[in-house]
Asks: 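I am attaching a structure below and will ask some questions about it afterwards.
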Amino acid sequence: MPIATTTKNSPERVAAYDALGPQMRELLAEERDLIAAMANFSALLHDTFGWHWIGFYRVAGAELVLGPFQGPVACSRIGFGKGVCGSAWKEERTMVVPDVEKFPGHIACSPHSRSEIVVPIRDRDGRIAAVLDIDSAVPDDFGTVDVHALEEMCESLQPLFE
Ligand code: SME
């Protein structure tokens with residue numbers, strides 16, 4: 001079971017985000033296809049941090065539908081307002097869940113998930129069009145450093161939406 005190699009808000013995690021920044025920018029500058037960009041986006045984060053599950057859900061009507069990801073099999077559809085992903089979509093804000101067992105309605109795709117962060121992603125019209133979901137096997141693994149770095153990276157996907 002992969003575990004995060006850096007800890008929440010540590011200088012090592014900041015340094016890891018700093019190191020992957022140029023690679024992520026290059027990757028997104030060279031690829032205009034959303035799915036291809038999401039696939040490498042999740043792979044790069046997985047390579048860097050070793051989190052248990054990293055991936056995207058895309059808005060399709062009244063549901064989120066599974067997109068590119070790294071990690072074990074996950075549920076393929078999540079309703080508006082359901083689970084952490086559906087809540088981040090409904091509330092239009094990044095959600096950090098330090099203990100998934102204490103989040104009412106958490107959708108348990110894997111017994112190894114202990115904490116989670118979900119970042120909504122807007123399309124060019126400003127509507128939520130997808131979410132980035134990261135699950136860690138480490139409890140309370142996400143902090144302000146992750147929120148800022150991941151929100152900034154997710155914003156760079158905005159021009160790739162139709
Ligand atoms: N835990 C999520 C569901 C998706 S999986 O973690 C990949 C949720 O509650 O929305």
Side-chain angles (χ1 to χ4, degrees), residues 1-9 13 16-17 20 24 27-28 34-123 127-158 160-161:
M1 174 178 48
I3 56 161
T5 52
T6 57
T7 53
K8 171 176 124 169
N9 292 339
R13 186 159 299 177
Y17 278 117
L20 75 76
M24 186 68 86
L27 192 151
L28 297 176
L34 179 65
I35 299 300
M38 285 177 159
N40 270 335
F41 188 118
S42 52
L44 184 53
L45 282 177
H46 192 260
D47 280 355
T48 304
F49 294 107
W51 282 313
H52 182 61
W53 195 94
I54 300 174
F56 294 91
Y57 284 90
R58 293 191 301 149
V59 172
E63 290 179 315
L64 292 168
V65 179
L66 184 63
F69 70 95
Q70 297 277 313
V73 170
C75 52
S76 55
R77 286 170 190 266
I78 297 172
F80 184 69
K82 304 292 183 194
V84 186
C85 292
S87 299
W89 175 21
K90 184 177 177 186
E91 295 182 25
E92 303 200 1
R93 65 181 178 93
T94 298
M95 304 200 62
V96 174
V97 180
D99 179 349
V100 295
E101 285 176 10
K102 293 197 177 132
F103 186 91
H106 171 255
I107 300 165
C109 291
S110 160
H112 299 304
S113 271
R114 310 287 348 134
S115 56
E116 183 162 352
I117 183 169
V118 178
V119 181
I121 305 169
R122 292 179 188 279
D123 64 15
R127 280 190 283 267
I128 307 293
V131 300
L132 170 69
D133 179 18
I134 305 179
D135 288 16
S136 175
V138 175
D140 192 17
D141 200 15
F142 301 105
T144 48
V145 164
D146 303 287
V147 171
H148 293 134
L150 296 169
E151 284 182 347
E152 193 182 324
M153 279 188 244
C154 283
E155 268 175 36
S156 60
L157 288 171
Q158 197 171 26
L160 303 190
F161 285 91

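The basis for the numbers below is simple: all heavy atoms, side chains too, and nothing from hydrogens, waters or symmetry mates. Order of listing sets the numbers, starting from 1, for every ligand and every atom in it.
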Asks: Check Glu92 with Arg122, please: is the shortest side-chain N to carboxylate O separation under 4.0 Å?
Replies: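 Yes, this pair counts.
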
Asks: Could you give the distance from CG (Asp146) to OH (Tyr17), rounded to the nearest 0.5 Å?
Replies: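 Rounded to the nearest 0.5 Å, the CG-OH separation comes out at 3.5 Å.
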
Asks: Ligand 1 versus Cys109, non-hydrogen atoms closer than 4.0 Å: side chain, backbone, both, neither?
Replies: side chain

Asks: Among protein heavy atoms, which sits nearest to atom 4 (C) of ligand 1, and what does the distance come to when rounded to 0.1 Å?
Replies: Asp133 OD2, 3.3 Å

Asks: I'd like to check which ligand 1 atoms, numbered from 1 as shown, lie under 4.0 Å from a non-hydrogen atom of Trp53.
Replies: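 Once the distances to Trp53 are compared, the set is 7 (C).
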
Asks: For atom 8 (C) of ligand 1, what is the closest protein heavy atom, and at what distance to 0.1 Å?
Replies: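 Going by distance alone, atom 8 (C) of ligand 1 is nearest to Val84 N, 3.3 Å.
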
Asks: For atom 2 (C) of ligand 1, find the nearest protein heavy atom and state the residue, atom name and distance (0.1 Å precision).
Replies: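 Minimum-distance protein heavy atom for atom 2 (C) of ligand 1 reads Glu116 OE2, 3.1 Å.
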
Asks: Looking only at protein heavy atoms, which one is nearest to atom 6 (O) of ligand 1, and what is the separation?
Replies: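 Nearest neighbour among protein heavy atoms for atom 6 (O) of ligand 1, to 0.1 Å: Asp135 OD2, 2.7 Å.
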
Asks: Go through ligand 1 atom by atom and flag the ones less than 4.0 Å from a non-hydrogen atom of His106.
Replies: 1 (N), 9 (O)

Asks: Of the protein's non-hydrogen atoms, which lies at the shortest distance from atom 1 (N) of ligand 1, and what is that distance?
Replies: Ile107 O, 2.8 Å

Asks: So does Glu152 have more than 12 non-hydrogen atoms from other groups sitting under 6.0 Å from CD?
Replies: no

Asks: Just heavy atoms, cut-off under 4.0 Å: does Tyr57 contact ligand 1 by side chain, backbone, both, or neither?
Replies: side chain

